[in-house]
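Some notes on the structure that comes next.
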Amino acid sequence: MVAMNMIQALRSAMDVMLERNPDVLVFGEDVGFFGGVFRCTEGLQAKYGKRRVFDTPIAEAGILATAVGMGAYGLRPVVEIQFADYIYPATDQLVSEAARLRYRSAGDFTAPITVRSPYGGGIFGGQTHSQSPEAIFTHVAGLKTVIPSTPYDAKGLLIAAIEDDDPVIFFEPKRIYNGPFDGHHDRPVTPWAKHPASEVPEGYYRIDLGKAAIVRPGEAVTVLAYGTMVHVALASAEEAGIDAEVIDLRTLNPLDIEMIVTSVKKTGRCVIVHEATRTSGFGGELSALVQEYCFHHLEAPIVRVTGWDTPYPHAFEWEYFPGPKRVIEALRQTMEA
């Protein structure tokens with residue numbers, strides 16, 4: 001076991017898979033010689049050569065179109081979209097080609113593609129470097145959507161994504177690349193080295209997609225979160241002094257509905273936290289599922305804590321970001337209902 005931040009864990013996952021499987025390729029904007037804008041692929045081109053780790057033009061649609069063709073021929077491309085905000089030009093290739101390939105070919109072809117992309121705010125990236133578009137892709141049949149919250153999970157989930165025979169969108173919460181973030185922006189940054197989930201095996205291991213994790217057991221209320229919001233939820237429950245059970249979803253599609261239902265039936269209350277805009281955010285789907293499966297067990301209305309229905313405002317970063325103050329208010333609201 002080695003202490004890693006999330007960047008190092010992701011790099012280790014790609015390193016392991018490049019070594020294990022000659023069909024694995026890594027490419028995207030600046031991922032080769034430069035090692036990626038966040039250095040997630042640093043050193044991989046030097047180790048594996050320019051034929052397996054290479055740079056592309058600034059052309060997201062072309063990057064994904066190339067990956068679809070490679071996947072159909074049996075390769076396993078791992079592509080990086082430099083920021084999730086720029087994944088939209090590639091959406092047609094993801095939705096119309098990659099997600100449909102297995103179905104339209106009656107299983108003759110698959111699209112074993114992994115699309116890595118940093119997402120979310122908390123770094124003053126403004127409206128064009130802070131978006132959380134995960135709900136768009138959870139709506140698409142044939143795509144899987146994964147969001148880790150720790151270095152340990154990041155490596156295990158990325159390896160599972162690369163080994164999957166279907167396309168996986170792997171969003172990486174960039175605010176926690178270098179350390180967990182509890183939402184208190186006015187406090188010193190805590191490095192991953194001080195967190196137990198920074199202990200990561202150097203070699204191969206995987207975390208199966210579709211398996212959530214209970215990161216804080218509790219009896220009073222269930223909190224559903226993913227990515228950076230897992231750490232905000234943990235801090236909020238602790239500060240509020242509420243016996244909350246916090247579930248890290250890890251994979252949005254496929255979703256571990258069994259764990260969610262078991263928890264909500266036990267607690268009778270549910271708070272959903274995500275950074276994306278509220279309307280049509282993934283929290284709406286989670287709320288509907290909890291209502292469908294747990295209606296007769298609910299003691300209070302389901303509460304959502306989300307970003308606002310606006311572009312991410314550079315000048316009002318922390319008013320938009322769902323921090324502990326808003327999550328604590330939601331926890332108390334559901335407990336008093």
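Values in this document were obtained by computation on a predicted structure and should not be read as measured data.
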Flag yes if more than 12 heavy atoms outside [X] fall under 6.0 Å of its [atom1] atom; otherwise flag no.
{"X": "H139", "atom1": "NE2", "value": "no"}
{"X": "F124", "atom1": "CZ", "value": "yes"}
{"X": "W308", "atom1": "CH2", "value": "no"}
{"X": "E258", "atom1": "CD", "value": "no"}
{"X": "I58", "atom1": "CD1", "value": "no"}
{"X": "F109", "atom1": "CZ", "value": "no"}

Below 4.0 angstrom, N of the basic side chain to O of the carboxylate: do [X] and [Y] qualify?
{"X": "E202", "Y": "K155", "answer": "no"}
{"X": "R269", "Y": "E299", "answer": "no"}
{"X": "E275", "Y": "R175", "answer": "no"}
{"X": "D248", "Y": "R216", "answer": "no"}

Looking at K211, is its backbone amide N or carbonyl O close enough to the side chain of R250 to form a donor-acceptor pair, meaning the two atoms are under 3.5 Å apart? yes
With F83 as partner, the option from Y312, F38, Y88 fulfilling ring-ring contact (aromatic ring centres under 6.0 Å, His included) is F38
Is it the case that one hydrophobic cluster holds both F170 and Y204, taking links as side-chain heavy atoms less than 4.5 Å apart, direct or via other members? yes
Does the ring centre of F181 sit less than 6.0 Å away from the ring centre of F321? yes
